[in-house]
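Written out below as structure tokens is the structure these notes cover.
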Amino acid sequence: MLNYSCSIKDKKISKKMIPSKDFDKLVNIIAKNFFIKDDLYFDVCFVDKKEIQRINKKYRKINKATDVITFAFKDQKINFDLPLLGEIYICVDVAKQQAKANKNSLNREICLLFVHGILHLFQIDHQTQKDYNKVVKLQQQLLDKANI
């Protein structure tokens, strides 16, 4: 089973803004899609633009705000027995801008970033345009299965 916890590090975000029911549907669909039978865990943290920019600069050497950053612990060559996949950071400020630009609801945009982060936890990446197109298609399929 795929399990997650959420934390909020942005005072402008209320718990009501986090689509927990949709997240629950998505993790169940993803667990089935990837044949996950073991208990696996990850954390999701909602941050503001300033914090996501700080994280992006520190760990990716890119000094600008972004929508989502994932730290997949498998990528870090950490050797431990805990079933912890990693951490996902989502910037709601950027999600709001993207939702408007993409003509999405904020809920859908946040769910899209949530799925995007989870795919990175499973080492599904997009270094090339071809890979990016595959990720976008997979995200869309997962959101459609969840009726989001």
Side-chain angles (χ1 to χ4, degrees), residues 1-76 78 80 82-126 132-148:
M1 185 65 199
L2 196 54
N3 303 283
Y4 69 95
S5 64
C6 288
S7 61
I8 301 170
K9 306 265 173 129
D10 181 351
K11 293 175 185 166
K12 299 175 293 202
I13 300 170
S14 72
K15 282 190 173 193
K16 293 178 184 178
M17 292 177 72
I18 299 172
S20 297
K21 289 182 181 178
D22 288 336
F23 284 4
D24 292 344
K25 285 194 289 187
L26 287 164
V27 295
N28 286 327
I29 289 167
I30 291 167
K32 288 177 187 171
N33 200 64
F34 288 95
F35 306 103
I36 297 169
K37 296 190 184 344
D38 297 328
D39 280 331
L40 299 174
Y41 301 88
F42 65 95
D43 294 320
V44 182
C45 187
F46 293 88
V47 297
D48 61 17
K49 272 186 169 180
K50 184 178 176 182
E51 180 64 7
I52 202 109
Q53 182 171 346
R54 184 193 70 74
I55 293 167
N56 206 15
K57 182 179 179 182
K58 181 175 182 176
Y59 295 102
R60 298 181 64 228
K61 310 297 185 233
I62 300 171
N63 190 18
K64 70 175 192 171
T66 189
D67 52 3
V68 61
I69 295 176
T70 302
F71 295 100
F73 292 161
K74 214 173 195 179
D75 288 347
Q76 306 302 317
I78 298 172
F80 54 85
L82 294 175
L84 189 59
L85 293 172
E87 299 174 332
I88 300 169
Y89 291 83
I90 295 174
C91 180
V92 176
D93 295 328
V94 175
K96 285 178 184 177
Q97 294 170 339
Q98 289 178 175
K100 187 174 182 180
N102 297 331
K103 296 184 171 85
N104 280 336
S105 68
L106 178 58
N107 183 73
R108 181 174 173 80
E109 196 69 28
I110 288 173
C111 286
L112 182 118
L113 298 174
F114 180 76
V115 169
H116 190 88
I118 294 171
L119 294 177
H120 282 306
L121 290 175
F122 291 116
Q123 278 72 51
I124 297 172
D125 214 344
H126 47 81
Y132 179 78
N133 293 341
K134 287 180 186 178
V135 169
V136 168
K137 184 177 178 181
L138 181 55
Q139 288 172 176
Q140 184 64 46
Q141 290 169 345
L142 293 167
L143 289 170
D144 287 349
K145 282 183 182 180
N147 294 313
I148 298 171

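In this chain, residues are counted from 1 in sequence order.
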Shortest non-hydrogen contact from Ile110 to Ala95? CG1-CB, 4.2 Å

So, taking the atom named CD in Glu87 and the one named OG in Ser5, what distance separates them when rounded to the nearest 0.5 Å? 9.0 Å

Applying side-chain contact (heavy atoms from CB on, under 4.5 Å) to His126 and Asn133, what does each step give before you reach the verdict? CA-CA 8 Å; His126 47 81; Asn133 293 341; over 6 Å; no

Between Leu142 and Leu26, what is the shortest heavy-atom contact and its length? O-CD2, 3.8 Å

Do Met1 and Asn28 have side chains that approach each other closer than 4.5 Å (heavy atoms only, starting at C-beta)? yes

With side-chain contact (heavy atoms from CB on, under 4.5 Å) as the criterion, how do Val27 and Ile118 come out once you've worked through the C-alpha distance, each side chain's angles and the decisive distance to 0.1 Å? CA-CA 9 Å; Val27 295; Ile118 294 171; 4.2 Å; yes

Check whether any side-chain heavy atom of Gln140 lies under 4.5 Å from a side-chain heavy atom of Asp144, and answer yes or no. yes

Atom pair CD (Gln123) and CG (Leu121), whose distance is rounded to the nearest 0.5 Å: 8.0 Å

Sidechain-backbone polar pair: Lys49 side chain, Ala65 backbone, donor-acceptor under 3.5 Å: no

Is a salt bridge present between Asp24 and Lys21, judged by a nitrogen-to-oxygen distance below 4.0 Å? no

Polar contact flag, side-chain donor to acceptor under 3.5 angstrom, Gln97-Asp93: no

So, for Cys111 and Pro19, which heavy atoms are closest and what is the spacing to 0.1 Å? SG-CG, 3.8 Å

What distance separates Asp67 CG from Glu109 CD, expressed to the nearest 0.5 Å? 7.5 Å

OH on Tyr89 to CZ on Phe71, rounded to 0.5 Å: 6.5 Å

One should read off an interatomic distance between Ile90 CD1 and Thr66 OG1, to the nearest 0.5 angstrom, of 11.5 Å

Run the side-chain contact (heavy atoms from CB on, under 4.5 Å) check on Leu119 and Phe34 step by step: do they pass? CA-CA 10 Å; Leu119 294 177; Phe34 288 95; 3.8 Å; yes

With a 3.5 Å distance limit and no angle check, can you tell me whether Asn102 reaches the backbone of Gln98 through a side-chain donor-acceptor pair? yes

For the residue pair Phe42 and Phe114, does the interplanar ring angle fall in the parallel (under 30°), tilted (30 to 60°) or perpendicular (over 60°) class? tilted

Can you tell me how far apart SG (Cys6) and CD1 (Ile13) are? Round to the nearest 0.5 Å. 10.5 Å

Does any N or O in the side chain of Lys61 come within less than 3.5 Å of the main-chain N or O of Lys58, such that one atom is a donor and the other an acceptor? yes

Tell me the closest heavy-atom pair linking Lys96 and Met17, and the distance in Å. CE-CE, 3.9 Å

What closest approach, in Å, do Asp48 and Glu51 show between heavy atoms, and which atom pair accounts for it? OD1-N, 2.8 Å

Evaluation steps, side-chain contact (heavy atoms from CB on, under 4.5 Å), between Ile88 and Leu113: CA-CA 9 Å; Ile88 300 169; Leu113 298 174; over 6 Å; no

Is the ring pair Phe23/Phe46 parallel, tilted or perpendicular, if the boundaries are 30 and 60 degrees? parallel

Can you name the closest pair of heavy atoms from His116 and His120 and give their distance? NE2-NE2, 2.9 Å

